[in-house]
Amino acid sequence: MVSLTRGTGEIRTRTGLGRGWRLVACWLAVFLPVGQALAEDGHDLWLRYVPVQEAQAAAYRADISELVVTASTPTARATRDELQRGLQGLLGAAPPQAGKVGRDGALLVGTPASSPQLAALKLDLKALGEEGYLIRSVRIGGHPATAIAANTDVGALYGAFHFLRLIQTAQPLQALDIREAPRLKVRVLNHWDNLDRHVERGYAGESIWDWHRLPGWKDPRYTDYARANASIGINGTVLNNVNSNAQSLTPMYLEKAAALAGVFRPYGIKVYLSARFSAPMEIGGLKTADPLDPAVRRWWKAKADEVYRAIPDFGGFLVKANSEGQPGPQDYGRSHVDGANMLAEALAPHGGIVMWRAFVYSHEQPDDRAKQAYSEFVPFDGKFARNVLVQVKNGAIDFQPREPFHPLFGAMPKTPLMMEFQITKEYLGFATHLAYLGPMYEETLRADTQVRGPGSTVARVIDGTLDGHALTGMAGVANIGSDRNWSGSHFDQANWFAFGRLAWNPHLGAEDIAREWAKMTFSTDPAVVEPVVAMMMGSREAVVDYMTPLGLHHLMGRGHHYGPAPWDAGSERADWDPVYYHRADRNGIGFDRGSHGSNAVAQYAPPVAAQFDDVAQVPEQFLLWFHHVPWEHRLKSGRPLWDELIAHYDRGVDYVAGMRRTWDGLAGKIDPERHAQVAAFLAIQQQEAQWWRDASIAYWQSLNGLPLPAGHAPPPKPLDYYQSLKFPYAPGNG
Ligand code: GCV
């Protein structure tokens, strides 16, 4: 299926099309007038490769007169195939292939080892490492040409995707001089996918891993998954849920994982597995999983050897231990270090790594759950083995619409910490709410921990530059499922894309990424791109406004996390209940994490702690995260807190209404199928934003008895109506 895109880049036009090129161009001119859009279902993600405007296509075809790729390895073949597929789609036909550059406009792709012509260029590739690439306009034998060069085939593949992106985003192809190398080493998706294909916190259908039919049937989707990930630089995937099942480590499942690894390998993607800490007992017949027990250690070594026999380039293990009921070393009076280092030792001879999660909270009720990870992990700084990364969520609670950065960032200088972002929208309205998460990721990455003075950003902690770590990484909890559009909604694809781009370079800007994505996904027409980017950029803030303004958090329905339930109380753990987090009563609202409260602020570097501790200085977006204040507390606007809260709720709902208007205005410019689904989802979002606003206000009013400020409508229903709503079958529940 195709839709015609209209580009804006300044592309010089040349004549002299070959017969194939001419036929396609005529076909396009006759059947697809500019601006007409045909239906699409989103399956092609941002790799749609639909024809660019003919004038542009003609210019691009002149720039790429032949393709020179030595396709002697699976990765080089994947590179060649992608370029052929991409150029065929974008320009109407793939350029002819040649063994070496012989005329003007050749595209030469590869490594100095694979191509004598590239080697002769003596390009400076040293600093590009194993995954970097350069794209440069060069002259070869007197002919102008474009070189995509790298030290490895995978680097060249990444370069090819970048080159295609230039065309997809209507960039000129002259005078190119692009050098790129990833800033992070491990760029992984975490699939919370169970062996029965249920996806924990998944809103895009069942798991794409068809375990039952593997290894015999390798769904072509796996190749497309690998292409999509490689196109944004993702180089690893953890196949199974962190709430893991030891069966994943049995020979039967290892054979299936090996089949997936075989599909992903040409695309530079390694397979990792979540390891259940108690596996030695569950599938190994041992009586204990104590990490200091010699038999347990032997078992894991043998298991690692077995895994590497099946998957020679296996990436390593991800572990959730002693958290939310998962087994772990503390079950035996041992520590996170004992557990992580035991696995690290088993993997080290094979070059594997352990990603040990810091998302922990104890069985005992802590005074403040936000403090636990820091308290448990900081004492272990410098004690983890060299091949262990500690994987830290962006905030200290749990993927809320807004959280201050996790205090562990900067607090463990001798330990490499990797970021864990959630791509799936567990707490942000599931797949039906349009919330572009780029600004949220950017907000955390740019946050200044100040641990080594100003400029000690979270991005610099995780890219290793702050404390000199070579092992670095970022994980994203995937939003991928078997829905035709992969992510449950068209706009949720942007969150997968943004994660990949930021994992490659955590210093990129969310707006630039949104613009790239919008051009590749919908159209290069500025009349489409600009309104779409504007919608996206404010969309996460709108969710914060209508769900959890001013630092409120964890007010979602218990368990499934769908919809508002700020009244929820009485579950088996107080820190699973919204009332634990907002602490509202007739006098005030908010969690006191200041020096007179739980003192969680003390976990930040002194200048940050001082700012968060001071109710007059704390950024208002975190006010109720760190402070319990009276409803009358005056904000910078001069309004009392109560009025300000209401204003935020209404602003959030209004933003969604605005997105609907913008989107309606794009009818005819976006293909009807995708346009209709986004429109329907925005209607759901508006209803649910209103529900969040009304239910929250009704509940707060039941506590504080305050009237609504003038001009704001009261909730249309009484509180008990909102409290009566139940959602036993909400998707994604664990
Ligand atoms: C995989 C939250 C989610 C759980 C998830 C957990 C985690 O608590 O609700 O579904 O479990 O985070 O990150 O381990």
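Just so we're clear, the structure is a prediction, and the values are computed from it rather than from any experiment. Remember, it's 1-based here, ligands and their atoms both numbered in the order they're listed.
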Participant: Short list, please: which atoms of ligand 1 are under 4.0 Å from a heavy atom of H561?
Facilitator: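 Those atoms are 9 (O).
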Participant: Is a salt bridge present between D210 and R213, judged by a nitrogen-to-oxygen distance below 4.0 Å?
Facilitator: yes
Participant: Have Y722 and W692 got a donor and an acceptor in their side chains that come within less than 3.5 Å?
Facilitator: no
Participant: In plain terms, say whether D368 and R593 are close enough for a salt bridge, that is, a side-chain N and a carboxylate O under 4.0 Å apart.
Facilitator: yes
Participant: Using 30° and 60° as the class boundaries, would you call the ring planes of H582 and Y699 parallel, tilted or perpendicular?
Facilitator: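 If you compare the ring of H582 with that of Y699, the planes turn out perpendicular.
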Participant: Atom CD in Q422, atom CG in N495: separation rounded to 0.5 Å?
Facilitator: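 Interatomic distance, Q422 CD to N495 CG, rounded to 0.5 Å: 11.0 Å.
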Participant: Between W192 and ligand 1, is there a nitrogen or oxygen pair with a distance under 3.5 Å?
Facilitator: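 So ligand 1 has no N or O lying under 3.5 Å from an N or O of W192.
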Participant: Among E324, K371, Q372, find the residue that satisfies the side-chain hydrogen bond (donor to acceptor under 3.5 Å, both in side chains) test when tested with Y361.
Facilitator: E324
Participant: Any nitrogen or oxygen of Y361, side chain or backbone, less than 3.5 Å from one on ligand 1?
Facilitator: no
Participant: Short N/O distance, under 3.5 Å, between N243 and ligand 1?
Facilitator: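 Among all N and O atoms of N243, at least one is under 3.5 Å from an N or O of ligand 1.
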Participant: Are any of the N/O atoms on R357, whether in the backbone or the side chain, positioned under 3.5 angstrom from an N/O atom of ligand 1?
Facilitator: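 Yes - when backbone and side-chain N and O of R357 are compared with those of ligand 1, one distance drops under 3.5 Å.
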Participant: State if K393 counts as touching ligand 1 under the rule of any non-hydrogen atom under 4.0 Å.
Facilitator: yes
Participant: Between D398 and ligand 1, which part of the residue brings a heavy atom under 4.0 Å of the ligand: side chain, backbone, both or neither?
Facilitator: side chain
Participant: May I ask you to list the atoms of ligand 1 that are less than 4.0 angstrom from any heavy atom of E200?
Facilitator: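 Per the distance check, 1 (C), 4 (C), 5 (C), 10 (O), 11 (O).
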Participant: For atom 14 (O) of ligand 1, what is the closest protein heavy atom, and at what distance to 0.1 Å?
Facilitator: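 So the nearest neighbour among protein heavy atoms is K320 NZ, 2.6 Å.
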Participant: Suppose we call two aromatic rings close when their centres sit under 6.0 Å apart. Are H554 and Y427 close by that rule?
Facilitator: yes
Participant: Of the listed options (E426, M556, Q326, E420), which comes nearest to atom 3 (C) of ligand 1 when hydrogens are ignored and any heavy atom counts?
Facilitator: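 Going through E426, M556, Q326, E420 one by one, E426 has the nearest heavy atom to atom 3 (C) of ligand 1.
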Participant: Can you tell me the protein heavy atom closest to atom 8 (O) of ligand 1 and the distance?
Facilitator: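 Answer, as residue, atom name and distance: E324 OE2, 2.7 Å.
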Participant: Among R540, Q686, K425, E688, exactly one meets side-chain hydrogen bond (donor to acceptor under 3.5 Å, both in side chains) together with H433. Which residue is that?
Facilitator: E688
